There are 2 protein chains.
Amino acid sequence: MDTLETRELRYFVAVAEELHFGRAAERLGMAQPPLSRAIQQLERRLGVCLLERNRRGVRLTGAGEVLLQEGRAALDATAAAARRTRRAGGADSPGGPRDQLVLAVKAAASHDLLRKLLDAYAAEPGSAEVEVLLCGMCEQEELLRDGRADVALMHTPWNSLAGFDSEALTTEGQVALLPAGHPLAAREALSLADVRDVPDLPLARWPSHGTYAPGPGPEIHNQTQLAQLIALGRTVAVVPDSARSWLWAEHAAVPLTDAPPVVTHIAWPVHSRSVALAGLIRTAARL
Amino acid sequence: MDTLETRELRYFVAVAEELHFGRAAERLGMAQPPLSRAIQQLERRLGVCLLERNRRGVRLTGAGEVLLQEGRAALDATAAAARRTRRAGGADSPGGPRDQLVLAVKAAASHDLLRKLLDAYAAEPGSAEVEVLLCGMCEQEELLRDGRADVALMHTPWNSLAGFDSEALTTEGQVALLPAGHPLAAREALSLADVRDVPDLPLARWPSHGTYAPGPGPEIHNQTQLAQLIALGRTVAVVPDSARSWLWAEHAAVPLTDAPPVVTHIAWPVHSRSVALAGLIRTAARL
DNA sequence: ACGCGGTGATACCCGACGGGTATGACAGGG
DNA sequence: CCCTGTCATACCCGTCGGGTATCACCGCGT
């Protein structure tokens, strides 16, 4: 009577994201009429109007917004349950598959910290196998939530630690990454204001949870692209100190006096009770 | 093919908790054979053995433990989605039902703080209606997770703030609560060691997430019971300073020098995006 | 003004599957 | 030894989820 099925949540999230029954049905691999009916049944069962159907397309009501948010979280949780259970399968029988940990790391970030962590953990007696899952800019949180990863390296202020347990590992400052020939590249230090309004060098824009803030600068998708755009003199970026390890000859890095420090954390889902995970965290904390 | 239905999770959690198909089926309001079949299907779909069936009862495998843990979380998340959506229903239409917040508080704890908070918030312009949900010793976390509450007052070190956003409100010391006539009641201050091994007064035991640690003292379920047992000279307890507001004449409170301080937090689920909630938190932070 | 395209809703049918009842296989205890 | 209690199997049935065909409605073009 009052318990939502994951099927219903999947359907509703698809419709709420597409705002179009036909496209949502296609995405779900089904026909449109049963999808319409399913959403109507869902609305009846909840006793709530979720969608506002104007003859031209669909809009979310307030309750719909809530269900989109909460439904995504619930779907993540069930997906995580399935994945983690599958991975734990057989691990109880002695001689079964070794413990395995999936560690999510932003590609090209914290490279030497990561190497040190992996080396130190591998040297521990009884350590599990660690699979490194290199991901995009802000995906670690999603990967942890839906069970594709067990543990992640995260970087405040870009990642949010909300909803996870975490331990801070290192703190570093930030530098401005400029084309080597640029006048500002000769300075000893810069402030954020200096790099924000350079007329010929618009500040690069990083995605924040899949969307880009508006602005004049180019939209950055990965580190290679950023490096090239800077080398070409098209943009300037604010990056952590450790980025110096991948500087090109055409790059210059100038310390920033007032940029917020970047803290690298190791983070994991609350209530994780795996000995392998505990060992990795202990190793990380000792670095 | 790989997406768990909430029905399957409900069934498995019931079996895993009862460790008995018959009782689980009864609890679920269904017959035992379809339940057996559903669990078998679940195991086949996950490709994992979840239960070890000895002819006498059932035991969880390692994978089963994982699914019990993760499945509970997933069920909480879907229940929360349903509840919060229902509560948000109609709130979007102007003139619809007022915003409502459910605040979970341990019964008899932080009484004056709660009163101040409610008064201050009610005085705010545009404040929502606040329903106070008085709960047992450690239920706030569950209430927040499954959507029965929107926000809670929690007390470290008893409650865990893991998985929630929170803000610290007040810190207080702890006192030993003794029968008025007891020799220790005359002391100016006590240490934890003093109250731990009083031969004639075993330390009362509080439940921690539903279970009691072993020990000689009585198992406490609520504040009234504790007060009476102390007055009867049967036990001694360690409680926050603010408990002084409900002391009886037969009680004596003696400060403890080395007890961990009790911090009262206001906590809420991560990603909450309600203006009413934000207002309540802001009010609390200003107290 | 009229027809056309595109939206979501309705009508109807069918097969899958979730659930019930009856029964079986098997172990432990009086 | 049978009786009790456990979970698994066999079989039946009704519900309901999904597909196809179609409708009702609106905006827009000519």
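Letters A, B, ... mirror the listed sequences (proteins, then strands); counts begin at 1. Everything numeric in this text was worked out from a predicted model, so none of it was measured.
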Nearest whole Å is fine: how far is [N] [atom2] from [X] [atom1]?
X: R45(B); N: dC17(C); atom1: CZ; atom2: P; result: 11 Å
X: E8(A); N: dG18(D); atom1: CD; atom2: P; result: 10 Å
X: L50(A); N: dG8(C); atom1: CG; atom2: P; result: 15 Å
X: Q40(B); N: dC17(C); atom1: CD; atom2: C1'; result: 15 Å
X: E26(B); N: dG5(D); atom1: CD; atom2: P; result: 14 Å
X: F21(A); N: dA9(C); atom1: CZ; atom2: P; result: 5 Å
X: R53(A); N: dA9(C); atom1: CZ; atom2: C1'; result: 9 Å
X: L35(A); N: dG17(D); atom1: CG; atom2: P; result: 13 Å

Do any N or O atoms from the side chain of E8(B) and from the backbone of E5(B) form a donor-acceptor pair under 3.5 angstrom?
yes

State whether the side chain of H155(A) and the backbone N or O of W158(A) hold a donor-acceptor pair below 3.5 Å, judged by distance alone.
no

Would you please confirm or rule out a distance under 4.0 Å between OP1 or OP2 of dC7(D) and any side-chain N or O of S36(B)?
no

Indicate the atoms forming the closest heavy-atom contact of R83(A) with D146(A), along with that distance.
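Where R83(A) meets D146(A) most closely, the heavy atoms are NE-O, 2.9 Å.
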
If I compare all heavy atoms of E141(A) with all of F164(A), which pair ends up nearest, and what's the gap?
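Result for this residue pair: O-CZ, 3.6 Å.
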
Give me the distances for all protein-to-nucleotides 18-22 of chain C N/O pairs that come in under 3.5 Å?
unit_1: dG18(C); atom_1: OP2; unit_2: Q41(B); atom_2: OE1; d: 3.3
unit_1: dG18(C); atom_1: O5'; unit_2: R7(B); atom_2: NH2; d: 3.4
unit_1: dG18(C); atom_1: N7; unit_2: R37(B); atom_2: NH2; d: 3.3
unit_1: dG19(C); atom_1: OP1; unit_2: Y11(B); atom_2: OH; d: 2.9
unit_1: dG19(C); atom_1: OP2; unit_2: R7(B); atom_2: NH1; d: 3.3
unit_1: dG19(C); atom_1: OP2; unit_2: Y11(B); atom_2: OH; d: 3.1
unit_1: dG19(C); atom_1: N7; unit_2: R37(B); atom_2: NH2; d: 2.3
unit_1: dG19(C); atom_1: O6; unit_2: R37(B); atom_2: NH1; d: 3.1
unit_1: dG20(C); atom_1: OP2; unit_2: A31(B); atom_2: N; d: 2.8

State plainly whether the residues E129(B) and R87(B) are in salt-bridge range, i.e. N to O under 4.0 Å.
no

Atom pairs and distances, donor-acceptor, side-chain atoms in residues 130-137 of chain B, under 3.5 Å, two or more places apart:
unit_1: E131(B); atom_1: OE1; unit_2: Q100(B); atom_2: NE2; d: 3.3

